[in-house]
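A short worksheet on the structure shown next.
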Amino acid sequence: MRKGMTAAAIAGVLALTATACGGDGGGSGDSSGRKAAEDPKSVSGSITWWDTSNEAEGPTYDKLVAAFQKEYPKIKVNRTSVSFDQAEQKFKTAAQNGKGAPDVIRTDVGWSAGFANLGYLQPLDGTPALDNAADFLPGPLSTAKWKGETVGVPQVTDTLALLYNKEVFAKAGIAKPPATWDEFIATAKTIKAKTGVTGTQLNPEGYFSLPFLYGEGADMLDVDGKKITVNSAGAVKGMETALKLAQSDVALKPASTDGYVAAQTSFKDGKIAMVINGPWSVSDDYSGKAFQNKDNLGIANIPAGPSGTAAAPIGGHNYSVYRGSKNKDASYLFVKFMASAQSQELTAKEINTLPTRKSAYTPAVTADPAKKAFQQALSVAKSRPVIPGVGDLFVAFDQHYVKVLRGDASPKEGLDALAKEWNSKLLKDYSIG
């Protein structure tokens, strides 16, 4: 635990109007981090942080920046809000040109491998930025690795879980949430028969199909073997389960456009009893008529497949340091501060983020039943393949998943077509397993 930095102290500091210079400013530039480790109070310089969080989260991060500058008055921080949709390409362009890139960037976990593969991220092993690495949850930390080096520090994390309407469950006489996909289907049938409420609605995005694949022990890729495995026998079985749900009379038909919004709206309005979603959805759930009483929202681990495997993908964001930064010592100290347990506790309480540090799940954080439930859900979460451009794979995945759920292609046909498209366009050096 960092001394002299309590959540109360952070909350009491006024937001700063940042006036710092960018990454081309002064500073020690000691890439080894020795000065930051041995004499942190002597470190000076100006750093720019590209923050891709949303506008509502900005005031909390301003508090943290102000608190950091109070502790390190010789370091100035410019928190620059950058649109999440534009940040990945904008950073690549700036880093490639060697001009205008930030010292620190908030990266989606799916970007880290691509940035590192291009040589744009500073390895952080042995630097103050990666303070008390053993305290990080293994899943989020795995998203920040590339070729044996740690190129990011986990900031926030997320995963998928089963969200359900407790009142509807009680009316149907169901005592506990389903633990397997077979139980999920049986539960949906019971709810429909006894209450008239539809069991569920699937989100037709490829990301949301992964728990079905994972439940059969399947995955998108075998990275070590350089094989595309999204069309393996297990993956096809998992997709068959998803199709069975989509075509049943206890599930609303998946929307072909804005599928996430459709399923989320159905759930919070009480039209369906269960949905698969992440911690980011909880605040929106509470705004719906079905969850005006927050205690009505139940959250459980993702159901398991026939093999007994239950897993959901890990999402989230990391802090990374630009390899070309001239202010690495200051950047290391900033990342250490922002990823500390105290900082994570503050963001968890103020903006409902899910911490990446074990020690940040304090009684004050886990007093919120939603955060406590998603902490448990992380115990069965797994990383998506860590490869450059993993996010690009989901463009085609979404298209083929929709075709399967519509019945335009069988699960095997859809996944075979997806594997071939990945192989021909994005993963030419992979074989189809």
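All figures in this text were calculated on a predicted structure; none of them were measured in a lab.
Side chains of Thr229 and Asp219: a donor-acceptor N/O pair is absent below 3.5 angstrom, by distance only. Inspection of the Asp85 and Ser83 side chains reveals no N or O donor paired with an N or O acceptor under 3.5 Å. Side-chain N/O atoms of Thr80 and Thr48 include no donor and acceptor closer than 3.5 Å. Looking only at atom types and distance, the side chain of Ser112 has a donor-acceptor partner in the side chain of Asn318 under 3.5 Å away. For the residue pair Thr309 / Glu216, no side-chain donor-acceptor distance below 3.5 Å is found, with atom types taken as modelled. Side-chain atoms of Thr347 and Thr353 form a donor-acceptor pair, as typed in the model, at a separation below 3.5 Å.
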Original post:
Run the side chain to side chain contact (heavy atoms under 4.5 Å, CB included) check on Lys76 and Gln69 step by step: do they pass?
Top reply: CA-CA 7 Å; Lys76 295 182 179 180; Gln69 291 186 137; 4.0 Å; yes
**OP:** Kindly determine whether Asp62 and Arg79 satisfy salt bridge (charged side-chain N to carboxylate O under 4.0 Å, His left out), including the steps that lead there.
**Re:** CA-CA 8 Å; Asp62 280 337; Arg79 184 182 78 85; 2.9 Å; yes
Original post:
Would Thr159 and Val380 count as a side chain to side chain contact (heavy atoms under 4.5 Å, CB included) if you check the C-alpha gap in whole Å, the side-chain angles of each, and the deciding distance to 0.1 Å?
Top reply: CA-CA 9 Å; Thr159 191; Val380 295; over 6 Å; no
Original post:
After noting the C-alpha distance and the side-chain angles of Gln344 and Thr356, does the key distance pass the side chain to side chain donor-acceptor pair (under 3.5 Å) rule?
Top reply: CA-CA 8 Å; Gln344 290 198 24; Thr356 61; 2.9 Å; yes
**OP:** Dump the intermediate steps for side chain to side chain contact (heavy atoms under 4.5 Å, CB included) on Leu210 and Arg384, then the final yes or no.
**Re:** CA-CA 9 Å; Leu210 290 178; Arg384 288 165 287 170; 4.1 Å; yes
Subject >> Trace of the side chain to side chain contact (heavy atoms under 4.5 Å, CB included) decision for Phe334 with Val65 >> reply: CA-CA 9 Å; Phe334 179 68; Val65 168; 4.2 Å; yes
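Annotation: cation-pi geometry satisfied between Lys90 and Trp50 (NZ/CZ under 6.0 angstrom from ring centroid, within 45° of ring axis). Taking the centre and axis of the six-membered ring of Tyr72, the NZ or CZ atom of Lys41 falls inside the cone set by 45° and 6.0 Å. Cation-pi geometry between Arg357 and Phe136 is met: under 6.0 angstrom from the ring centre, within 45 degrees of the axis. By the 6.0 Å and 45° rule, Lys382 stacks over the aromatic ring of Tyr214.
At least one donor-acceptor pair closer than 3.5 Å links the side chain of Asp108 to the backbone N or O of Gly110. Put simply, the side chain of Glu149 never gets that close to the backbone of Pro123: no donor and acceptor are under 3.5 Å apart. When atom types are taken as modelled, the side chain of Thr366 and the backbone of Thr362 share a donor-acceptor pair closer than 3.5 angstrom. Here the side chain of Asn296 pairs a donor or acceptor atom with the backbone of Glu167 at under 3.5 angstrom. Not one N or O on the side chain of Asp258 forms a donor-acceptor pair closer than 3.5 Å with the backbone of Val261.
In this structure the side chain of Leu393 reaches within 4.5 angstrom of the side chain of Met220, judged on heavy atoms. Side-chain contact between Leu163 and Gln264: absent, with no pair of heavy atoms (C-beta onward) separated by less than 4.5 Å. Using a 4.5 Å cut-off on side-chain heavy atoms (C-beta onward), Leu64 and Leu346 make contact. Here the side chains of Gln122 and Tyr332 are in contact, with some heavy-atom distance below 4.5 Å. You'll find the side chain of Asn231 stays beyond 4.5 Å of the side chain of Leu418, heavy atoms only. Contact annotation: the side chain of Tyr164 never approaches that of Ile299 to less than 4.5 Å [non-hydrogen atoms, C-beta and beyond]. Taking 4.5 Å as the limit, every side-chain heavy atom of Leu333 sits out of range of all side-chain heavy atoms of Val335. Side-chain contact check for Asp125 versus Leu130: some heavy-atom pair is nearer than 4.5 Å.
The number of heavy-atom neighbours closer than 6.0 Å to NZ of Lys145, taken from other residues, nucleotides and ligands shown, is above 12. In Lys171, the NZ atom is not crowded: 12 or fewer heavy atoms of neighbouring residues, nucleotides or ligands sit closer than 6.0 Å. Environment of CD in Gln292: crowded, with over 12 heavy atoms of neighbouring residues, nucleotides or ligands closer than 6.0 Å. Within a 6.0 Å radius of NZ in Lys237, no more than 12 heavy atoms belonging to other residues, nucleotides or ligands are found.
A salt bridge links Lys63 and Glu350; the closest N-O separation between the charged side-chain nitrogens and carboxylate oxygens is under 4.0 Å. Looking at Lys226 and Asp429, a side-chain N of the basic residue comes within less than 4.0 Å of a carboxylate O on the acidic one, giving a salt bridge. Salt bridge status for Lys358 with Asp135: absent, with no side-chain N to carboxylate O gap under 4.0 Å. The pair Asp285-Lys268 fails the salt-bridge criterion, with no side-chain N (NZ, NE, NH1 or NH2) lying under 4.0 Å from an Asp/Glu carboxylate O.
Partner of Trp49 under the ring pair (Phe, Tyr, Trp, His ring centres under 6.0 Å) criterion, chosen from Tyr61, Phe337, Phe68: Tyr61.
Between Phe84 and His317, the distance separating the two ring centers is shorter than 6.0 angstrom.
Rounding to the nearest 0.5 angstrom, the gap separating the CD atom in Gln376 from the CG atom in Asn301 is 5.0 Å.
Scanning all heavy atoms of the two residues, the minimum distance from Lys371 to Asn352 falls at NZ-OD1, 2.8 Å.
Note: Phe91 and Tyr120 have perpendicular aromatic rings, judged against thresholds of 30 and 60 degrees for the angle between ring planes.
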